[in-house]
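Worksheet: the structure to be examined is printed underneath.
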Amino acid sequence: MSKMIAILPGDGIGPEIVAEAVKVLNALQQHFGLDLELQEALVGGAAIDATGQPLPKETLDLAKRADAVLLGAVGGPKWESLDISMRPEKGLLGLRSELGLFANLRPALLFPELVDASTLKPEVVAGLDILIVRELTGGIYFGKPRGIRTLENGEKEGFNTLVYRESEIVRIARVAFEAARQRQKRVCSVDKANVLEATEFWRQVVIKVGQEYPDVELSHLYVDNAAMQLVRYPKQFDVMVTTNMFGDILSDLASMLTGSIGMLPSASLDANQKGMYEPIHGSAPDIAGQNVANPLATILSVAMMLRYSLREAALADAVERAVQQVLREGLRTRDILGSGNYTLVSTSEMGEAVLKSLKQLA
Ligand code: NAD
């Protein structure tokens, strides 16, 4: 049965990198028998310019109907002076909340060919393959009450609420355990159970869910230690699962272990594995329209879409192998050029090279 994919290129380099990912989706249809229907829509600044809204109703309806969403990036200086409620980023947040995308999956995978792109020593990061599972719609970023208030003595205070319901922890823990089953079968849950009751409860619930997965090894770390371990010996981790705020911080940290923002994909999933897939980087207005952006994070986001929403693990592997092959051949966009003897290629040349090596795998 045909699967419908909503294609939302967005702003800045978004349309350039998404165009290369769409070529990959088309090649998967032509050469690997995948049955897809691609439908494009506006989001972010491009949607504001055309309709006055960062997330027009037609786009939201399309995303809701779709089996998966591929997003480029949103935002840019052109829209920065708008009221915060009307900025391009609202389009992204609106999609996440309207689609119920509570699980954010961010792999930090270092291709051996890019080992010298990391700021850490090669022996620390070579072979790195971590998946961070971050809770995305709960915790302190959403908890109420919140605000800034004036006390009786006239002093002001800011306050937020860290709250997690059992069902919220259960569903994110399940995502982590299921993902671990497809990988090295190890989950490390990160909390601050020694200080915060909400995360003491988090730990209790994760342990309970873990009993349903006796084949997966479960460990726990306090977040301060987890941050240290990620830099000291990151290869000890397989899947890490954590709260919204801890995941926000740790996933950025982990992404930099791999050296390049242009290489890292992400997935945000709902309860039925429907997802929105996007590179972790933004719209890079400084290089937009120059055909120099790295399209590999977006192409690798397609691989995640194949794995998690379309349940086509073999095709996901093929896309990842095709990417690795072009890196092995020494092709590099500007952001991953480094100092070696590599061939500098444009966005579209990189996309074409991935297509060529993908077709060879058919
Ligand atoms: P950015 O990620 O867009 O860019 C940071 C730096 O990385 C820039 O130097 C850029 O040229 C480079 N870069 C990013 N992606 C690249 C790629 N694929 N290939 C080569 N180089 C790449 O972050 P920023 O500059 O802080 O933000 C720019 C805009 O993007 C802002 O409007 C911001 O709000 C928005 N943004 C959107 C998202 C999203 O859509 N998910 C995420 C982050 C930022």
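We count ligands from 1, going down the list as the structure has it; atoms in each ligand are counted the same way. In what follows, residues are counted from 1 in the order of the sequence shown.
Set against the non-hydrogen atoms of A73, the atoms of ligand 1 under 4.0 Å away are 40 (O). Annotation for ligand 1: atoms under 4.0 Å from non-hydrogen atoms of E278 are 41 (N). Residue G76 has at least one heavy-atom neighbour below 4.0 Å for each of these atoms of ligand 1: 32 (O).
Checking only distances, P285 never comes within under 3.5 Å of ligand 1, N or O to N or O. The shortest N or O to N or O distance between I287 and ligand 1 is not under 3.5 Å. Taking any N or O of A284, backbone or side chain, at least one lies under 3.5 Å from an N or O belonging to ligand 1. Any N or O atom pair closer than 3.5 Å counts here, and E89 shares at least one such pair with ligand 1.
With a 4.0 Å heavy-atom cut-off, ligand 1 is reached by no atom of I17. For I13, every heavy-atom contact with ligand 1 shorter than 4.0 Å involves the side chain, none the backbone. In P295, neither the side chain nor the backbone holds a heavy atom less than 4.0 Å from any atom of ligand 1. Heavy atoms of L92 found under 4.0 angstrom from ligand 1 belong exclusively to the side chain. Under 4.0 Å from ligand 1, the heavy atoms of D286 that appear belong solely to its side chain. Residue contacts with ligand 1, taken as heavy atom pairs separated by less than 4.0 Å, do not involve R334 at all.
For A293, the closest heavy-atom approach to ligand 1 falls below 4.0 Å.
Less than 4.0 angstrom separates atom 25 (O) of ligand 1 from none of the non-hydrogen atoms of the protein. For atom 17 (C) of ligand 1, the nearest protein heavy atom lies closer than 4.0 Å. Note that atom 2 (O) of ligand 1 has protein non-hydrogen atoms nearby, at separations under 4.0 angstrom.
Under 4.0 Å is where a charged nitrogen must lie from a carboxylate oxygen, and between E20 and K23 at least one such pair does.
Of all protein heavy atoms, the one lying nearest to atom 19 (N) of ligand 1 is N294 N, 2.9 Å. Nearest to atom 15 (N) of ligand 1 among the protein's heavy atoms is H281 CG, 3.1 Å. In terms of protein heavy-atom proximity, atom 37 (C) of ligand 1 is closest to V74 O, 3.1 Å. In terms of protein heavy-atom proximity, atom 29 (C) of ligand 1 is closest to S283 OG, 3.2 Å.
Contact detail for I130 and F237: the closest heavy-atom pair is CG1-O, 4.0 Å. Of all non-hydrogen atoms in K274 and A63, the two that sit nearest each other are NZ-O, 2.7 Å. When all heavy atoms are compared, the tightest approach of P107 to L264 is O-CD2, 3.7 Å.
Considering only heavy atoms from C-beta on, L25 comes within 4.5 Å of I7 through its side chain. Considering only heavy atoms from C-beta on, D191 stays 4.5 Å or farther from T243 through its side chain. When side chains are defined from C-beta on, L331 does not count as touching E349, because their heavy atoms never get closer than 4.5 Å. Counting heavy atoms from C-beta on, the side chains of Y277 and S309 come closer than 4.5 Å.
Summarising the contacts of atom 23 (O) of ligand 1 with G12, G75, G282, the nearest heavy atom is found in G282. Taking all heavy atoms of L264, L296, I261 into account, the minimum distance to atom 7 (O) of ligand 1 is reached by I261.
S283 and D11 share no donor-acceptor pair across their side chains, judged by distance under 3.5 Å alone. N225 and Q229 are linked by a side-chain donor-acceptor pair at a separation below 3.5 angstrom, with hydrogens and angles left out of the test.
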L358/Q325 under side-chain contact (heavy atoms from CB on, under 4.5 Å): CA gap, chis, key distance, verdict: CA-CA 9 Å; L358 185 62; Q325 179 58 28; over 6 Å; no

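Interatomic distance, E16 CD to S348 OG, rounded to the nearest 0.5 Å: 9.0 Å.
Considering R186, R181, K185, R183 as possible partners of D215, the one that fulfils the salt bridge (Lys or Arg N to Asp or Glu O under 4.0 Å) test is R181.
Enclosure of atom CD in E123 by more than 12 non-hydrogen atoms of other residues, nucleotides or ligands within 6.0 angstrom is indicated.
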